[in-house]
Number of protein chains: 2
Amino acid sequence: MDIQLKRGLLDVCVLAAIKDGESYGYRIIKDLKPCIELSESTLYTILKRLEAAGSLTVRSDEHNGRLRKYYRITASGLRRIEDFKTEWKEVISVYDFVTREDGHE
Amino acid sequence: MDIQLKRGLLDVCVLAAIKDGESYGYRIIKDLKPCIELSESTLYTILKRLEAAGSLTVRSDEHNGRLRKYYRITASGLRRIEDFKTEWKEVISVYDFVTREDGHE
DNA sequence: CGGAATACATCATATCACGAAGTATTCGGT
DNA sequence: ACCGAATACTTCGTGATATGATGTATTCCG
């Protein structure tokens, strides 16, 4: 998918990936793979950004002697998904403008 | 609208604004206003980018003693709009993922 | 006469996706 | 027992991009 189009979707995709329960980085990437592809460097940047914004919380835990960071969505993060849905109406109207058959007369 | 969402739409909006006939910068902004807002600096950056990409051609003309640059969409630009429509199917499937009621079980 | 509108241009800045590279552990196959 | 793949997270540099600020110059309207 075009990188510019992805920009508006990635953050909210990551939030959607954890909205039904805690998850961690590597698994988020795999869960999102059928939906949208993103690299590790991209994901961890996004997770940090979302944490800084208060959209999710982090908890470090040991899993088989290996560190894992579990991410959980917050109320603010859920709200962000709702805001996205609201904004989507605008996006659709832009899409309609772009794909309309004939012009502004 | 969220700036990240706009990023995927602006180029194609500008192309859509000239797809039914030549237009110029200031008018494009006004024509797009009901659809999507963009500043002059943004528009002229986009027009330059689209020209470099061969999506449109420019023609300078004098209008009431004042310079005007008229932009016309090319076949490649029209194709770009078609590509956008194709990609939109992916976008919709991402949207469905984000807004699905319940999780990946 | 003056300010708003028209019209285009340049620059600096902030945000962001991504590849590359690194560290460290576990697991499966032979 | 060994080795490569998979797991898991981190940091750094780069390139693309939207935007505000600022500038220049002309026309139109009250």
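To find a chain, count down the sequence lines: A is the first, B the second, and so on, and within it residues start at 1.
Heavy-atom minimum distance, Asp31(A) versus Pro34(A): O-CD, 3.3 Å.
Of the candidate nucleotides dA16(D), dA8(D), dA9(C), dA9(C) has the atom lying nearest to any side-chain atom of Tyr71(B). Of the candidates dC18(C), dT10(D), dG20(D), the closest approach to any side-chain atom of Tyr44(A) belongs to dT10(D). When each of dT15(C), dC9(D), dC18(C) is scored by its nearest atom to the side-chain atoms of Lys6(A), the top-ranked nucleotide is dC18(C).
Residue contacts shown for Arg68(A) are limited to sugar-phosphate atoms, with no base heavy atom under 4.0 Å away. As judged by a 4.0 angstrom heavy-atom cut-off over every strand, Glu40(B) is placed among the base-contacting residues.
Between Lys69(B) and dA9(C) there is a side-chain N or O to OP1 or OP2 distance below 4.0 Å. For the OP1/OP2 pair of dA5(C) and a distance below 4.0 Å, the side-chain nitrogens and oxygens of Lys30(B) include no atom meeting the criterion. Between dA17(C) and Arg49(A), a contact under 4.0 Å exists linking OP1 or OP2 to a side-chain N or O. Neither OP1 nor OP2 of dA9(C) sits under 4.0 Å from any side-chain N or O of Lys48(B).
Gln4(A) places its CD atom 15 Å from the C1' atom of dT19(D), with the value rounded to the nearest Å. Atoms CD1 (Ile46(A)) and P (dC16(C)) sit 10 Å apart, rounded to a whole Å. As a whole-Å value, the separation of Glu51(A) CD from dC9(D) P is 13 Å. With rounding to whole Å, Glu62(A) atom CD is found 15 Å from dT7(D) atom C1'. For the pair Leu9(A) CG and dA17(C) P, the computed distance is 10 Å after rounding to whole Å. Rounding to whole angstrom units, CG of residue Asp61(B) and P of dT26(D) are separated by 18 Å. Between Tyr26(A) atom OH and dT7(D) atom C1' the separation is 5 Å, expressed in whole Å. The nearest whole Å value for the distance from the CG atom in Leu10(B) to the C1' atom in dT19(D) is 11 Å.
For dG20(D), the base has a donor-acceptor partner in the side chain of Ser41(B) [N/O atoms by modelled type, under 3.5 angstrom].
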Leu15(A) vs Val98(B), side chain to side chain contact (heavy atoms under 4.5 Å, CB included): CA-CA, chis, key distance, verdict: CA-CA 8 Å; Leu15(A) 288 175; Val98(B) 170; over 6 Å; no
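Between the side chain of Thr86(A) and the backbone N or O of Glu82(A), at least one donor-acceptor pair lies under 3.5 Å.
Annotation: the span from Arg72(A) atom CZ to Lys19(A) atom NZ amounts to 15.5 Å, rounded to 0.5 Å.
Under the 4.5 Å side-chain criterion, counting only non-hydrogen atoms from C-beta, Phe97(B) is not in contact with Ile36(A).
Residue-to-nucleotide proximity on DNA chain C shows that, of His63(A) and Thr42(A), the 5′-proximal contact is made by Thr42(A).
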